[in-house]
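Values below: every heavy atom of this structure, side chains too, minus hydrogens, waters and symmetry copies. Owing to the predicted nature of the structure, the values given are computational and were not obtained by experimental measurement. Protein chains get the first letters and strands the later ones, always in sequence-line order, with residue 1 at the start of each.
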Amino acid sequence: MSGGRRPLPPGRTGRRRAVVPSALLLGLIALLAIFSDWVGTYPTMAVRSSILFRSAPSMTAEQRRMASYDETYPVLRFLRESTPSEAVILLPPEKFIDENTPGDIPLLASPSSVYNFIYPRVPVHWGDPSPWRERVTHLLVWKHWGLDLVAPGEAPGPENEIALRPWPPGRPPVW
Amino acid sequence: MNFIGEHDAWITVGLLLGLLTLAALGDGLRRILRHVRILPTPDGPVLGSAGSEAGLRLLLALAGVPWIVLLLDHAGIPIRQWSLIGAAAVIQGIGRWTDYRARPGSRDTDAVESVRGPRSGHRSIAEMARSAMGWIADAPAAAVLHAAAASLVIFSLIQVSFIPVRSYDALVGYDLVGKVMAYEGRYLSSVFERIFYNAQCVYAPFTAANNGFWYIFHPTVPRLWVPLLAAGFLLWYHARLRAWAGSATAAALGCFLVFLPTSFLYQLTVAQTDLPAMVYTTMAIFALLDLLRGGGGYAPVALFALIATTARTEGVLFGAAFALVVALRRTPRTRHAFWLVAVPAVYFVYWNWLVVQGLMGYDPSRHFLGEVPLDPARAWEVVRRAIGIIGMRSLFGELGWLILATVACWGLWRFMGRKRFRLGPVDESAGFGRVVNGSGHGINPPDTRPTRPGHETIGPDSEITGTVLAILAVMFIFYMPYFYMWDPVYNPLWTMEHTFKRGFFRFIPGLLAAFLCLPPIRQALSRCESAGPAASHEGPSVTRRGGDA
């Protein structure tokens, strides 16, 4: 250091002199970890990471996704497993999905997040200026939305609350 | 088609290949940039330590990924493992070739040190172990804090490995673009042709390209670049703090604290644009500090401002701030300050006009006002909101108090010393593209007193705090128009918290450095170290005060 400090002798004496200030500094940081919002994030992060490290490796990637994502994630998985890779799927309006799902913006409510999970199938949300709206091949009936578009008069029930229906060819959706 | 990430495979050949590709890329870029004198030769054993150089390689490698991805894309070459490995091999080959040309005896002999940097010689494992044990005994608090800082990188690795991508911005933007890039082998993919995509897809390419890189090499952990970026930054930041504060404890404390503010720590668990923007903006700030203190040159500042702009394009505003800071010096060479804004501005134009508007068909200007309104009330509201966000304890903890304390302590110290503050003069010989490995003694007359081994500093350090605070203040002023010009419909000011809190990350490492370089803080922290062979692990010491004036 540049100024004002008496040079310390090398070796054990100097090391002994460094122990007390070091202990004081670390004690201060420990207090800050308990009482401050800034340093207090460290123990929280440490505990969470420790729990995660012990529990997560026993889960499969799919189990971790199911545990992490909102209730619309299984619908995306259903779409991926139930449609051919060239499918273009008509989905309910983004606002309808958002309003009927608790929590933050659900995965199903954005074309980008849907495409993230059903690629290479293409999502088209009702009402969006989607470039592939003319090529729709399937319709997702979700919470009975869309039932009247492909099966007018069909009574809503648990069996058709979430369902996949073929979209009539040559009849692009109009909004 | 298999769904990427369907299966767990933690240790794969792809993981090894990805790491080797990054190693080749980072090392090659470092050699080339040193050879063409864009990056300075590290000054002294601290800045040139193995850790600092490893951090620099890592940071350059991650910065190089989006460039390679876009070059391959524009050239019509599929972005696959083989093409990425090939590109890294070419860069490594060019780097080796420049090194070969700069070998002793060749015509470029004078560039040898510039390319390779100082070397402290090879040591056996036993010697290194003895040295490490001695160092722990000499600076016990620093050892504990180093371990704590390193643990943050491990926590980050655990979080990005086991928690799926959850951030909304990532799922509808960077992660999607990166994942589809891995599927299709092109950056400008079907995302921009088939779906009504979100604005996050057209953000500057750093995050999406690095996500895509790991989706290609090791899809089990596509955000692997986040802990790598954090590790590289900590290694590099540590060397800087250590050189400036002259204390291993101060450097370790800075590394421990820098990521801990609540909203900042979250960035270690997600892959967003703000962490890389912070890292490279900080590198630009510190390069500017070198320039102002008479070392370095314009090129490193422009380079890092450019890289920061590849993470978030509003980085160009900070390039303008850096140019103004240099221009305030009003020396004949300060016309080169133009490049500090011009280089990131060229990238800004390339990305937003050519790529986003031209090739993707998205108009980013819709998020901003078409004309500049003269509205003092709106300007005040922007500033008021910004200051309010900085002071929110739920976001930054006690950082607001640290800022006030730093400014107050520095002002008091200046007042007690009766010194008039001025930014250090820019080295007159430093043109753009020319790096001056100077001693940085520009502010006060050189201090010829000997320094303790391992505590060498680049010139008089007393002005580091003031200079960093001045740079950050100008940056803050230049950041405000970004929000002032927001379109009230697309981006109402009440949403400023989400963007500004993350934009403010760029200021945190500089603020911490300013605080830790306060003379009373440095002196207090150096009492946690013995004066013995504290820095023996750093190799032979170089007393730099006034030494190479």
Inset, instruction - Report the C-alpha distance between B:Phe264 and A:Thr41 in whole Å, list the side-chain angles of each, state the deciding distance to 0.1 Å, and finish with yes or no for side-chain contact (heavy atoms from CB on, under 4.5 Å). - result: CA-CA 10 Å; B:Phe264 200 11; A:Thr41 55; over 6 Å; no

Legend entry - side-chain contact (heavy atoms from CB on, under 4.5 Å) assessment of A:Val47 paired with B:Phe155: CA-CA 10 Å; A:Val47 169; B:Phe155 297 157; over 6 Å; no

Inset, instruction - Would you check, one step at a time, whether the test side-chain contact (heavy atoms from CB on, under 4.5 Å) holds for A:Asn116 with B:Val172? - result: CA-CA 7 Å; A:Asn116 197 322; B:Val172 302; over 6 Å; no

Inset, instruction - Give the C-alpha distance, both sets of side-chain angles, the deciding distance and a yes or no for side-chain contact (heavy atoms from CB on, under 4.5 Å) between A:Leu25 and B:Leu145. - result: CA-CA 10 Å; A:Leu25 176 66; B:Leu145 290 170; 4.2 Å; yes

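Interface residue A:Leu52: backbone and side-chain heavy atoms are both found under 4.5 Å from chain B. Contacts of B:Leu402 with chain A are made by side-chain atoms alone, with heavy-atom separations under 4.5 Å and no backbone atom involved. Looking at B:Phe256, only its side chain comes within 4.5 Å of chain A, counting heavy atoms on both sides. The part of A:Ser110 that comes within reach of chain B is its side chain, from C-beta onward, which places non-hydrogen atoms under 4.5 angstrom from that chain. Residue contact with chain B, scored on non-hydrogen atoms closer than 4.5 Å, is absent for A:Arg135. Neither the backbone nor the side chain of B:Gln200 comes within contact range of chain A; no heavy atom of the residue lies under 4.5 Å from a heavy atom of that chain. Using a 4.5 Å cut-off between heavy atoms, B:Val191 contacts chain A through both its backbone and its side chain. Interface remark: A:Leu107 contributes side-chain atoms only to the contact with chain B (heavy atom separation under 4.5 Å). Contact annotation for A:Tyr69: only side-chain heavy atoms (C-beta onward) come within less than 4.5 Å of a heavy atom of chain B. Looking at B:Thr269, the atoms closer than 4.5 Å to chain A (heavy atoms on both sides) all sit in the side chain, from C-beta outward. The contact between A:Ile29 and chain B is made entirely by side chain atoms (from C-beta outward), counting heavy-atom distances below 4.5 Å. The contact between B:Ala148 and chain A is made by backbone and side chain atoms together, counting heavy-atom distances below 4.5 Å. For a residue to count as touching a neighbouring chain, one of its non-hydrogen atoms must lie under 4.5 Å from one of that chain's; by this rule A:Ala67 does not touch chain B. Residue B:Leu399 touches chain A through both its backbone and its side chain, counting heavy-atom pairs closer than 4.5 Å.
For B:Pro140, the side chain to side chain contact (heavy atoms under 4.5 Å, CB included) test picks out A:Ser22, with sequence neighbours left out.
Chosen from A:Leu24, A:Leu26, A:Thr44, the residue pairing most often with chain B at heavy-atom distances under 4.5 Å is A:Leu26.
Residues A:Arg64 and B:Phe162 approach most closely at CD-O, 2.7 Å, considering heavy atoms. Closest heavy-atom contact between B:Arg393 and A:Asp37: NE-OD2, 2.9 Å. Here the shortest heavy-atom pairing between B:Gln159 and A:Ser49 reads NE2-OG, 3.1 Å. The two residues B:Ile195 and A:Pro131 make their nearest non-hydrogen contact at C-CD, 3.7 Å. Contact detail for B:Cys201 and A:Ser112: the closest heavy-atom pair is SG-OG, 4.2 Å.
The shortest side-chain heavy-atom distance between A:Phe117 and B:Leu171 falls under the 4.5 Å cut-off.
Pairs of residues two or more places apart, or lying in two chains, that qualify as salt bridge (charged side-chain N to carboxylate O under 4.0 Å, His left out) and include a residue from residues 159-170 of chain A are A:Glu154-A:Arg165.
Interatomic distance, A:Glu94 CD to B:Phe196 CZ, rounded to the nearest 0.5 Å: 7.0 Å.
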